[in-house]
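Worksheet: the structure to be examined is printed underneath.
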Number of protein chains: 2
Amino acid sequence: MEYDQLLQMFLDHQGEYLSGEEISNRLGISRTAVWKQINKLREQGYDFEAVSRKGYRLVHQPDKLKHLDVVKALQGCQYGGQLKLLETTTSTQEEIRIWADQGADNGALVIAEEQTLGRGRQGRRWMSPSGKGVWMSLLLKPELPLADASRLTLLTAVAVCRALRSITGLEIGIKWPNDLLINGKKICGILVESAGEDGKIRYCVVGIGIDVNLEAQDYAEELSHRATSLKIEGNQNYDRAVIIGAVMKEMEFLMTSFLEQGFSTIANLWEALSVTLGKTITVRTYQGEMIGVAEELDSSGGLKLRKPDGNIEIVYSGEI
Amino acid sequence: MEYDQLLQMFLDHQGEYLSGEEISNRLGISRTAVWKQINKLREQGYDFEAVSRKGYRLVHQPDKLKHLDVVKALQGCQYGGQLKLLETTTSTQEEIRIWADQGADNGALVIAEEQTLGRGRQGRRWMSPSGKGVWMSLLLKPELPLADASRLTLLTAVAVCRALRSITGLEIGIKWPNDLLINGKKICGILVESAGEDGKIRYCVVGIGIDVNLEAQDYAEELSHRATSLKIEGNQNYDRAVIIGAVMKEMEFLMTSFLEQGFSTIANLWEALSVTLGKTITVRTYQGEMIGVAEELDSSGGLKLRKPDGNIEIVYSGEI
């Protein structure tokens, strides 16, 4: 409570110093309490300059997604019609899975400012610091066979790649099956988890993590060679609400195309954005390693690999 | 406590009357307490005859699965190596799903005497009265693409059908995709639920419900035309532990065959046991109704339907 009022005071007096005494009088709390509230705001990413005999001055506000901004960015889009915007969560994938089991609709969307246990593929951790990325999970309930789940992985990569290219103008490519790269470094991870009954999809949860406004120092050294952000590559801050809106609109457009006209359009788009096709690659699958030239997508969403002996092998999941 | 001792007294004196006074003296509890404990046993399916001046006589024991019997029946089988035998649960599918998320191994098995919210396909209720059926769920973690989940449905139908035929000698057939029938009535339901990541199976939970020793009066009238039990058809009680062991051994045998040699053997077994092939059927799928002659399984586990116009359509899930 006091803490909202305190923040409002600073927002009303931007650039000005407010003395501890003044604040304490206006809010009717002790000076120790003022100091505690300021520290709470600091934990949330607000920065204050403290000058003796002058008081405190707000010098930095964190980038916060506002519900209204997200809703505006999603206008005209069915996806996100059910929307949860969370300050923090262990993982948006877990949040939406619980929501799905409670009956959330097709298109339900969970966005978090921060994930404390964000997950990538194969159980790996996904770093999701507060306020700097788009960490979100979308619920899809398409009437499709389970065999199509791997196509949804490819479709999501196309949707995010197209949305980010159109917003940033950066040369973003898709590494099979679903990593997005700029100059060989990863800027987005996608994780599609499915729940099925017999041969049919019950629901899919599409997890999307985009490194938007992370700075170089946000990456540990071992990560900095493999990962980057839109801000680092584009030298500017990007509006996360706009990115969320653009990605959801692309997702909805491509899903409609898939359900109404089949997968070939999406396969073509994927191939055009791919940085994998035409290269000799090594794929680690659970059946072992395979080397070959990535030729094209096959009709079911697998990757056609021409092996050194000339034979074609189709791989559906693995690690390049 | 007292209640275990009380039961043991009756088991030690089968066919004899035990007076309330005698019991009360031996267990050191009041006669009212004796009466309460006897009622508790009655709730569990034990039946007593009460004759004044003689006392109580045990006249019926419920059929209870004993842990040791199940373990013995599973000897030589990897499946069931992690085993939970529950008195009652809402649903063995939910139990094993939670267990899977907590890290249960391939082959973990949950068996319940009774399910209070047993589920069949498409969210339907599955009647699972206490002590009369095999209600169980098996966890599988095969390294297979998600597209193979529908094959696991067919494989399970073959496994259960073969196990029950060999134990009962009854003419049991498979109705596509996975109902088991005797004389057109259902005696077993199978529900395979999958969790996947991208194109790959993370785990499958195979739910199997077999109506073993249900009596005619256990079926509501609207069910009695469509469902039956092994006891009704075979005119005898069957040992549920033996059935569990036989089904698990068949499952393990067929899974090994599938993983090592591919699906064609299992497809052949399925076709040989099918009561669907060669018949003109109507399939309700989410794309609408389709009429045609069921010709054979296709290589991916779908059913090939020859439509009246001569075209072949492959269906992966639906209702006949």
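Convention: sequence-line order gives letters A, B, ...; per-chain numbering from 1.
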Toward chain B, the part of Asn178(A) with a non-hydrogen atom under 4.5 Å: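 Contact with chain B is through the side chain of Asn178(A) alone.
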Does any heavy atom of chain B fall under 4.5 Å from the side chain of Arg202(A), the backbone, both, or neither of them?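 Contact with chain B: side chain only.
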May I ask you to check whether over 12 heavy atoms, not counting those of Gln78(B), lie within 6.0 Å of atom CD?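 No, because the 6.0 Å sphere around CD of Gln78(B) holds 12 heavy atoms or fewer from other groups.
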Do you know which of Leu152(A), Thr156(A), Asp198(A) has the most heavy-atom pairs with chain B at a distance under 4.5 angstrom?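 Among the listed options, the one with the most contacts to chain B is Asp198(A).
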Determine the minimum heavy-atom distance between Gly199(A) and Ser150(B), stating which atoms define it.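 Looking at all heavy atoms of both residues, the shortest contact is CA-CB, 3.7 Å.
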Mind checking the CD-OG1 spacing from Glu197(A) to Thr153(B)? Nearest 0.5 Å is all I need.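 One finds 9.0 Å between CD of Glu197(A) and OG1 of Thr153(B).
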